[in-house]
Protein chains: 2
Amino acid sequence: MTAPTKYVYAFSEGSRDMADLLGGKGAGLAEMTRLGLPVPPGFTVTTEACKVYLATGEEPDELGVEVARALADLERAMGRSLGAPEDPLLVSVRSGARFSMPGMMETILDIGLNDDSVTGLAKASGQERFAWDSYRRLVQMFGRTVMGVDGDLFEQAISDHMAQRHVATDHELDTTELVKLTDDFKAIIREATGEEFPQDPADQLARAIRAVFDSWNGERAHVYRRREHIPEDLGTAVNIQAMVFGNLGGDSGTGVAFTRDPATGESGVYGDYLPDAQGEDVVSGVRDALPLTELEHLDPRAYAALGGHLRTLENHYRDLCDVEFTVERGKLWILQTRVGKRTAEAAFRIAHDLGEEGTISADEALMRVDGAELTRLMFPRFDTAGAAEPIAHGVPASPGAAVGVAVFDSAEAVRRAAAGERTVLVRRETTPDDLPGMIAAEAVLTSRGGKTSHAAVVARGMGKVCVCGAESLAVDPAAHRFTAPDGTVVTEGDTLSVDGTAGTVHLGELPLTASDVGRALQSGTSTGALTDAVLGALRHADSLRRLEVRANADTPEDAARARALGAQGIGLCRTEHMFLGERRALVEAMILADDDTAREQALAALLPLQREDFTGILEAMDGLPVTIRLLDPPLHEFLPDRTELALRIAAAEDPDPRDRALLKAVERMDEQNPMLGLRGVRLGLAVPGLTAMQVRAVAEAVTARLRAGGDPRAEIMIPLVGTVEELRLARTEVERVLAEVAEETGTPFDCPIGTMIELPRAALTADRIAEAADFFSFGTNDLTQTTWGLSRDDAEASFFPLYLDQGVFEVSPFETIDQDGVGRLVEIAAAAGRAANPDLETGVCGEHGGDPASIHFFHRVGLDYVSCSPFRIPAARLEAGRAALIGRAEGSDSR
Amino acid sequence: MTAPTKYVYAFSEGSRDMADLLGGKGAGLAEMTRLGLPVPPGFTVTTEACKVYLATGEEPDELGVEVARALADLERAMGRSLGAPEDPLLVSVRSGARFSMPGMMETILDIGLNDDSVTGLAKASGQERFAWDSYRRLVQMFGRTVMGVDGDLFEQAISDHMAQRHVATDHELDTTELVKLTDDFKAIIREATGEEFPQDPADQLARAIRAVFDSWNGERAHVYRRREHIPEDLGTAVNIQAMVFGNLGGDSGTGVAFTRDPATGESGVYGDYLPDAQGEDVVSGVRDALPLTELEHLDPRAYAALGGHLRTLENHYRDLCDVEFTVERGKLWILQTRVGKRTAEAAFRIAHDLGEEGTISADEALMRVDGAELTRLMFPRFDTAGAAEPIAHGVPASPGAAVGVAVFDSAEAVRRAAAGERTVLVRRETTPDDLPGMIAAEAVLTSRGGKTSHAAVVARGMGKVCVCGAESLAVDPAAHRFTAPDGTVVTEGDTLSVDGTAGTVHLGELPLTASDVGRALQSGTSTGALTDAVLGALRHADSLRRLEVRANADTPEDAARARALGAQGIGLCRTEHMFLGERRALVEAMILADDDTAREQALAALLPLQREDFTGILEAMDGLPVTIRLLDPPLHEFLPDRTELALRIAAAEDPDPRDRALLKAVERMDEQNPMLGLRGVRLGLAVPGLTAMQVRAVAEAVTARLRAGGDPRAEIMIPLVGTVEELRLARTEVERVLAEVAEETGTPFDCPIGTMIELPRAALTADRIAEAADFFSFGTNDLTQTTWGLSRDDAEASFFPLYLDQGVFEVSPFETIDQDGVGRLVEIAAAAGRAANPDLETGVCGEHGGDPASIHFFHRVGLDYVSCSPFRIPAARLEAGRAALIGRAEGSDSR
């Protein structure tokens with residue numbers, strides 16, 4: 001037989017390791033009790049009891065008995081009885097889940113007060129007004145929280161009383177008035193519920209506990225958990241604790257204290273103190289709190305004791321702690337502690353300082369920071385103090401802050417940039433045609449599309465600020481203006497401030513704060529305590545990580561920037577952009593060619609342009625691998641839109657014959673599902689000369705760099721392979737051209753040939769594909785699209801919001817890799833590929849390569865590298881180091 | 001140490017079981033030698049020797065020695081020496097692969113003749129002309145086949161000699177002329193190659209063997225193997241056999257004989273005989289052969305001996321055998337035997353008769369026929385004897401033969417059908433809008449799309465004749481005509497004969513032969529020997545098979561037809577068609593609805609129409625399961641084309657406001673990749689009320705049928721599920737509505753709820769999905785699309801022909817399931833699903849459900865049923881029975 005489940009623990013029975021069972025707050029109270037800190041005694045009802053209640057709608061049978069027993073112990077310890085007419089014991093009832101959900105759930109104070117005990121409290125405390133104020137607060141809180149009465153009714157009653165007495169705050173209401181107010185509150189409850197406010201203290205307690213349980217399923221709590229990815233089935237614990245009072249006069253008070261500054265991480269005691277007040281007064285902000293240091297003057301003994309306890313806690317938890325405390329007539333009580341929340345800046349400073357002080361190891365310090373925090377520190381920020389509200393909110397797609405004048409087409413952005421003007425390119429959505437404008441602008445703002453829309457992906461790649469999917473904006477590109485939901489009309493030339501980290505847009509120019517961290521990461525030189533901490537953490541991560549970090553970069557400039565940020569090569573060099581802009585005419589000529597000669601001419605004209613691009617990139621990444629992907633998108637992406645073209649021809653008096661030819665080509669090449677059509681390796685096999693031209697450009701660039709004394713390390717990557725036969729055919733052609741160029745130039749060179757694994761079938765037959773590949777690069781964007789049968793662009797515009805809302809996804813599978821589906825394919829393919837070809841190199845070049853959670857997964861399944869947008873490289877380095885640490889601790893690394 | 005590989009086997013050393021090593025022909029010769037039949041002696045060079053040659057470009061070292069040794073044995077046995085000046089031994093050198101590749105590879109006769117031995121042969125045979133004719137044939141054949149000389153040069157020389165002698169055939173050339181001709185042939189070789197025709201018989205033999213090896217890689221052979229799905233790496237064996245001569249006068253001759261009639265399967269000896277001729281004369285058809293029975297008069301002894309040998313062979317092989325034989329001066333020689341090819345009709349007859357005779361078991365008889373043969377017998381056929389050439393060839397997409405007048409739009413087909421006229425609907429490609437026309441027409445002809453295009457899939461579903469992808473046709477729907485490649489212009493009203501089995505289109509009306517088999521399958525009543533055989537085979541298959549066979553059917557008529565053909569329910573009832581035609585206006589109203597009320601009204605109007613459809617289908621399938629799939633395609637499929645609509649609005653003086661609203665909706669709902677967009681379960685979750693309306697229609701139909709005393713067994717299937725969360729949400733809604741209707745009507749009923757597995761992620765997470773599903777139905781069409789990242793329609797129109805040509809696929813993965821990729825997912829999902837939910841029913845409803853090779857796979861992985869187009873049901877039943885037999889023999893069944 002197993003022991004019966006125990007649902008109630010006295011604080012003295014628990015410890016910090018029991019947070020799953022006791023919740024975070026309960027575990028902290030127990031731990032402080034163990035450490036001998038002055039904690040008002042009490043007990044905790046476990047999360048298990050809550051789970052039973054949530055599952056069955058009833059408290060477990062044993063709960064009532066256990067609570068009664070724990071209460072009896074508490075009464076014995078305190079020498080008082082709950083709600084006794086003379087000197088009553090009062091208790092607080094507070095929720096406390098495993099993960100902090102501040103303000104999301106319920107608290108009820110002063111349980112135990114009733115029409116009799118209020119007099120006892122008045123006598124015992126010697127403060128009649130205090131007693132009645134506590135009682136009316138209980139009735140109000142209980143009525144709202146436990147009995148479901150509309151809170152506004154109570155607020156209205158208070159206002160009425162204040163008006164009658166001609167006073168401005170409820171603090172000015174005297175005892176008589178509070179007695180009447182309490183009566184009014186009870187009447188409100190009676191009217192709303194048909195029930196009396198319960199006078200039985202045990203009944204009050206039981207109903208308060210149940211109310212806390214119920215609050216787990218409140219709307220606010222659901223929303224919060226979804227946003228924070230907290231599982232729905234954890235349940236909350238409930239803490240019942242003897243009340244202490246900070247509002248008994250000038251020798252009492254309440255406050256919060258931190259062992260270090262949670263904003264900057266600087267060491268020293270920080271916090272606030274409010275004399276003659278309860279905790280809720282601090283939170284409500286009705287009165288301004290004093291700096292904690294004032295307590296030293298007001299009550300030196302309590303201040304010294306608090307300092308000692310804070311040191312005890314930081315040494316014990318070996319981290320920043322915060323506490324809530326109350327001074328009751330000169331006696332200090334600690335009501336709560338936890339490892340404190342902090343800003344990104346403070347996280348790095350504190351971890352670094354604790355490491356330097358020898359409190360924690362360098363490994364532990366690294367585990368205290370993360371890539372998302374590092375990314376936040378890298379970019380300039382707006383100082384929004386005193387600024388007006390944003391005129392729009394959108395998806396924070398590419399971080400940083402930028403100011404410029406609104407422009408509504410690519411050409412205008414280019415024109416103004418040439419004139420030295422800073423611009424924000426505003427579009428409904430961007431297409432490859434907007435590329436020159438995106439390069440010229442400081443920021444991109446769109447009204448459609450999510451984090452993986454064209455605008456978002458390209459902007460991140462270029463390190464441009466981007467807010468996308470600001471759906472409340474009505475963008476009218478033809479009229480060169482947009483209208484914000486508040487009616488503001490922004491026309492070309494108006495100044496905008498775009499915050500890509502927050503996803504907000506402000507009218508006018510906000511002041512910018514530059515980022516020391518951004519500068520230090522680029523230069524490698526520290527300029528202060530924060531950059532010391534950041535560079536130190538990265539150095540340690542670099543020393544630990546097994547994963548290499550490469551960049552997705554398509555231009556020499558991107559390559560150079562990525563390299564400065566620590567990229568160990570280019571994992572994905574897309575050639576799409578090299579087919580755009582002024583070269584588009586050549587691409588059109590290639591597509592429209594009606595014989596081999598015409599096509600060959602068009603290809604030949606593209607060759608030197610591509611060669612120059614590759615030469616520059618190889619130079620910027622000299623000595624490091626540069627993985628060049630052969631042209632991937634369907635060719636019709638380089639042609640105009642069918643409907644627009646048809647309308648243009650229909651509207652013209654005398655249509656351009658070239659337009660007619662183009663329309664024919666567009667119709668011929670039209671595909672119902674281009675994502676699944678003639679693209680990737682299929683394109684190379686179907687269009688004669690296309691692969692050869694690209695490979696020749698690479699080979700000639702390599703040769704040119706070799707002649708210049710460089711160390712070019714080009715690799716050629718075949719996209720969208722589904723079967724080894726495709727790869728074999730493509731590889732044969734690539735090898736043929738490489739050999740041809742080596743022969744012509746008399747310069748032999750190495751050039752590994754690999755493939756993207758971005759189709760489920762490629763992953764499932766990876767053993768065979770590995771026989772013909774020198775490397776695998778997991779294209780997890782497309783692999784996610786095909787594994788889920790989801791077109792990213794279509795899905796994000798239509799049902800993704802619904803799916804996130806209904807909890808079908810916790811997070812978009814395009815943001816963090818879906819381990820159960822897509823991840824399983826990655827795992828299968830990496831293992832099978834390595835088994836078949838032990839020299840196979842494996843990496844990932846999808847957007848997931850820069851996502852912290854995904855990086856940990858890629859480490860676990862044993863990939864060799866991740867490749868990501870340049871700005872995500874520092875975070876990726878950090879997370880790769882952290883992943884190695886976790887892997888070591890868990891012994892879970894597959895390699 | 002392993003024994004050294006043996007590359008040469010005398011006929012007396014081999015047997016029929018050694019076909020992998022000796023090829024089909026070599027194994028047959030060996031077996032006949034073992035049986036004591038009069039086979040000219042010889043030996044076989046193994047396929048292993050060929051593989052070494054193909055891999056290294058050199059014969060294995062030991063081969064020369066082994067051939068020399070075998071030749072010496074042969075010379076000893078024959079008492080003559082190869083190419084000796086006196087009475088020379090001559091040999092034939094013939095290819096012989098594992099699988100027959102008739103005419104694809106090389107044969108060289110009369111090896112051993114040279115300038116000396118030709119005289120010896122003349123003396124020994126007593127026929128000088130015969131000797132020189134043999135010699136000139138060797139030089140010609142050797143020159144062309146071994147030495148690579150253009151064969152036309154030899155033909156030209158023969159023509160020149162005939163012209164000089166004023167004769168019409170080479171038979172009329174006399175010895176003197178043949179001597180000169182031989183000299184001319186040798187000169188042609190000298191000039192073309194710079195080499196002399198080799199005089200050394202051993203050299204001739206070695207080079208002939210090598211030429212046979214080389215012929216494996218000839219263009220013809222590649223093409224043949226690709227078409228017949230014969231692996232590329234098998235290699236061919238080479239048979240060297242003493243020559244016997246059928247052209248030594250009236251007491252000699254050559255022929256082919258069958259143990260039964262290979263056209264009808266009737267028993268009795270069949271064949272042809274050509275006196276005074278070599279085998280190649282029979283093949284070339286220069287002279288008309290006599291019926292074999294004539295031999296009885298010409299040479300009763302030889303005839304009787306042949307009859308005896310045929311009986312020996314049929315008893316030994318227990319199947320139809322054919323032989324090639326030669327009579328040399330009254331002596332019968334058997335040169336080859338094999339299990340003979342036969343028509344579909346003969347296959348059924350012979351298998352049935354051998355079974356009845358007790359020669360083979362019923363199981364074995366079943367293994368001798370297949371589903372493709374059965375399907376060929378089911379449909380009427382054209383009698384094309386004397387007909388003109390077809391005016392077009394296309395993809396044989398839906399079998400059968402039909403005659404009708406050409407119409408170019410759906411409305412015209414409907415109009416003419418109403419007037420009692422039979423029509424052929426001709427379109428570039430069909431869309432759901434063409435459905436009424438397809439129903440009205442006898443046949444569908446398109447110029448675009450493959451076997452899985454809309455036209456093909458729908459036509460097969462309806463049992464309509466369909467030829468699609470006839471790309472040589474220039475279809476001009478606006479002008480109501482098309483132009484064939486030969487310039488024929490067909491206008492509306494012209495009569496066409498469309499053969500969906502052959503994929504051909506004839507102008508005018510061809511005579512039709514009805515199919516007894518088709519009638520017998522529908523009625524279950526036999527009308528003769530053939531239908532006896534077919535129904536018997538099906539009965540036996542039904543008694544053996546584990547797989548159930550259901551139909552894909554969307555109307556009561558299809559359901560009834562399928563049931564007659566043996567369907568055990570409906571595995572896929574698509575509801576798409578129920579949203580088309582006159583109901584389209586309601587669907588548009590639903591899509592255009594700008595508030596809940598308008599949408600609910602549109603849905604409410606659709607409800608009774610859907611209910612009637614379901615009631616009819618459930619009635620037709622009373623007592624059997626009917627799996628109804630909720631609406632799957634993206635809603636914009638029900639709206640007009642964007643470009644056409646935009647052009648219409650642009651062209652109108654005063655555009656219809658409804659058109660404007662439609663265009664807005666089309667633009668809003670436009671998706672870049674609709675296949676991966678808002679469809680399937682996503683649609684049901686996103687469009688309020690859509691699922692509820694459909695489920696209510698099903699539930700009300702079930703209730704109506706129950707009230708009518710029927711036994712309705714509806715099942716509801718949720719399409720395109722990627723994660724169990726989607727299924728749970730949809731299932732909750734379905735269960736809610738089912739319960740609601742049961743409550744309203746007071747009639748409780750069962751309705752299993754399951755899901756399609758058609759996304760890789762669904763397959764990979766099948767264990768979780770199975771927790772919320774009563775059944776899995778594998779949608780292998782979409783699963784193939786997503787696993788391969790291929791849009792069927794786009795791919796078939798663009799790179800599929802190239803891929804089949806380049807050998808990337810052996811067969812389209814949409815035709816036969818890709819076992820390595822898609823099949824692996826099916827296997828993973830079926831196993832995981834059953835493990836998680838032992839009651840889970842599993843089936844397949846993609847096009848593969850009717851494909852023989854795929855059916856065998858689905859049996860092996862343990863599915864419960866396949867579902868296919870009605871006309872494929874008999875073949876599926878047959879193949880399911882055969883799969884069970886094979887599984888039993890191999891012990892390979894997973895269940």
| task | Considering only heavy atoms and a distance below 4.5 Å, find which of A:E644, A:R728, A:M669, A:Q672 pairs most often with chain B. | result | A:Q672
| task | Indicate the atoms forming the closest heavy-atom contact of A:N673 with B:S791, along with that distance. | result | ND2-OG, 3.5 Å
| Can you tell which of A:L825, A:V822, A:D820 makes a side-chain contact (heavy atoms from CB on, under 4.5 Å) with B:R761? | A:D820
| How far apart are the closest heavy atoms of A:L759 and B:T787, and which atoms are they? | CB-O, 3.9 Å
| Does A:T643 offer a backbone N or O that forms a donor-acceptor pair with the side chain of B:R642 under 3.5 Å? | no
| message | So does A:F799 get a backbone contact from the side chain of B:R682, meaning a donor-acceptor N/O pair under 3.5 Å? | response | no
| query | Can you tell if the side chain of B:F809 reaches within under 4.5 Å of the side chain of A:E725, non-hydrogen atoms only? | reply | no
| Contacts with chain A made by residues 645-653 of chain B (heavy-atom distance under 4.5 Å), listed by residue number | B:A646, B:L647, B:A650
| Given the options A:L676, A:L764, A:V724, which has more heavy-atom pairs under 4.5 Å with chain B than any of the others? | A:L676
| message | Report which part of A:L685 has an atom under 4.5 Å of a heavy atom belonging to chain B: side chain, backbone, both, or neither. | response | both
| query | For B:A795, is it the side chain, the backbone, both or neither that has a heavy atom under 4.5 Å from a heavy atom of chain A? | reply | neither
| note | Shortest non-hydrogen pair, A:S798 vs B:L678, comes out as OG-CB, 4.1 Å
| request: Quick one: closest heavy-atom pair of A:D794 and B:P674, and the distance? | output: OD2-N, 4.4 Å
| query | Is atom CZ of B:R448 surrounded by more than 12 heavy atoms (other residues, nucleotides or ligands) closer than 6.0 Å? | reply | no
| note | If you tally heavy-atom pairs under 4.5 Å between each of A:T765, A:D818, A:D782, A:L729 and chain B, the highest tally belongs to A:D818
| Are there more than 12 heavy atoms of other residues, nucleotides or ligands under 6.0 Å from atom CD of A:E576? | yes
| query | So which of B:V808, B:D641, B:L802, B:L790 has the biggest tally of heavy-atom pairs under 4.5 Å with chain A? | reply | B:L790
| said: Ignoring hydrogens, what is the shortest heavy-atom contact between A:W788 and B:T723? Give both atom names and the distance. | reply: CZ3-CG2, 3.6 Å
